[in-house]
Engineer: 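Structure provided below as structure tokens; questions to follow.
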Amino acid sequence: MSPENTEKTCRAKKGLLFLRDCGKPAVTECSKCNCPVCREHETAGIEGTLCPQCAAGDKRVTNRNARRYRRRNRYYSGYGYHPYYYGHHHYYSNRDYRTFDERGSVEGAAPADGEVVEPGGTDAVDGFDDAGSDFDSDSDGMTES
Amino acid sequence: MTETNTDPTALSPAAQGAVETKKVTGRWQFAKLRKLLDELAGFDAITDKAQGRAKGFTWLFIILTVVLSVVTVVLQVSASDGIGSPFVPLLSGVPALGLLVLAVVFGIRWRKLAKADLANEFREVLAPFLAAISADVDPKARVGARLDLSGMTKDKIISKKKIPPGRYRKIIETVYKDMWCDLAIAAADGSTLMLRIEDISTSFDRHWTTQSRSGKTKFKHKRKWKKLVVISAAVVPDGEKLSWDREEVEQLSDQEKLKFREKPKGDTCKLVRKFKFSSTGNPPKSGVSTEQIIGMYMQLYSLLKPAAGRS
């Protein structure tokens with residue numbers, strides 16, 4: 001890996017219902033798409049290191065990362081689902097349709113470049129108290145006849 | 001835990017508590033909840049196998065005891081009639097006694113394992129679901145959980161009645177309602193995912209009589225099961241980032257059981273799907289697959305769009 005890559009972060013897209021950049025320090029680059037990847041997402045391919053997305057596209061690669069991303073792709077194809085991408089990096093895959101939505105994606109609405117979009121944080125926990133009680137107390141809550 | 005250990009005391013304290021109460025409740029760190037469920041799943045899988053073996057051996061030893069007891073009685077009668085040695089019945093009587101002891105030992109083991117047995121759905125449906133969405137969950141947040149792992153027990157019977165028997169002598173309908181999963185998960189995008197799974201199982205005990213050729217009346221019984229699994233999946237998105245596409249929601253409401261509610265802490269959309277299963281004898285084993293639950297959340301997420309102020 002070249003010295004300039006040491007400050008790069010992993011751009012493998014993690015998640016299922018929505019996608020985010022991994023964000024961990026990159027240790028190498030995908031030999032196919034040059035996307036920086038961290039130790040966790042570094043995937044051994046037949047012709048060198050791959051990112052999980054490229055590994056998933058190569059049927060000869062059968063390791064855990066490739067299998068996981070392949071399963072994710074199957075979900076997306078099976079349900080015709082296009083997840084939101086909450087990241088900043090423009091390594092588009094064939095799953096990023098929502099990035100180009102008319103009204104703009106969440107990425108488009110993100111703060112200025114370089115500013116990190118913090119995920120839900122611990123505040124999101126507070127949602128449970130309301131959400132949890134919502135299940136019980138609402139007359140037309142979760143209980144169905 | 002070792003591969004063959006069915007002793008609950010070998011589990012972690014949290015898992016021991018869960019096995020004892022057959023409940024997992026409270027607010028858990030996602031990773032800890034998954035670890036607990038994985039531990040319980042491993043324990044339950046081993047317990048299920050051991051229970052099956054104990055059941056098999058119990059019945060085997062009961063049958064052998066009965067066979068040897070009959071042989072012993074025949075030999076005893078023969079011996080009392082002066083045919084053969086009077087000690088010959090002991091050759092089958094003593095092993096019969098030994099087999100009876102073994103049947104009792106395995107019977108006790110079977111009963112003990114049955115007491116520690118947990119419902120299988122949590123390891124077949126819930127644990128894989130949590131594994132699948134693990135990358136979407138906020139690791140700092142806590143997961144609200146109310147899980148009932150006891151399965152279909154007598155306290156979950158909501159009705160038991162005779163129904164019109166038709167061509168049968170009588171039919172008893174028993175309905176169990178088991179709301180075994182209630183989860184609220186804080187997602188990393190600020191949304192809250194809520195999941196409720198409810199099993200409504202109905203058994204139909206059909207009793208009828210038949211006449212044998214010799215004119216003897218035989219009483220027969222068969223139990224049929226119907227199971228309805230109701231899955232309610234709801235999403236409360238982070239209103240600052242995402243909002244519901246009302247047109248899409250209305251469109252889908254015509255085809256699916258979809259409810260939209262405006263709430264101060266975020267508008268909620270809840271999707272309810274019902275799945276039917278049936279079986280004869282034992283309750284249906286087939287449940288809902290993890291893929292179907294994920295599909296429901298994907299359906300809900302596909303109704304979200306960037307919040308108006310953020311476009």
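Each chain gets a letter, A, B and so on, in the order its sequence line appears, and its residues count up from 1.
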Engineer: Is it true that B:K156 and B:D148 have a side-chain N and a carboxylate O under 4.0 angstrom from each other?
Structural biologist: yes

Engineer: Do A:R72's NZ or CZ and the ring of A:Y69 fall within the cation-pi criteria of under 6.0 Å and 45°?
Structural biologist: yes

Engineer: Are more than 12 heavy atoms from other residues, nucleotides or ligands located less than 6.0 Å from atom CD of B:E20?
Structural biologist: no

Engineer: Under 4.5 Å heavy-atom distance to chain A, tell me which part of B:L193 shows up: side chain, backbone, both or neither.
Structural biologist: side chain

Engineer: Is any residue of residues 120-136 of chain B within less than 4.5 Å of chain A by heavy atoms, and which ones?
Structural biologist: B:A132, B:I133, B:A135, B:D136

Engineer: Does one side chain, of B:D199 or B:S201, offer a donor that lies under 3.5 Å from an acceptor on the other?
Structural biologist: no

Engineer: Between A:Y76 and A:Y81, how do the two ring planes meet: parallel, tilted or perpendicular, split at 30° and 60°?
Structural biologist: tilted

Engineer: At a 4.5 Å cut-off on heavy atoms, which part of A:Y79 comes close to chain B: side chain, backbone, both, or neither?
Structural biologist: side chain

Engineer: Should B:E248 and B:K305 count as an ion pair when the cut-off is N to O under 4.0 Å?
Structural biologist: no

Engineer: By side chain to side chain contact (heavy atoms under 4.5 Å, CB included), which residues pair with B:A14, not counting sequence neighbours?
Structural biologist: B:S12, B:W28, B:L36

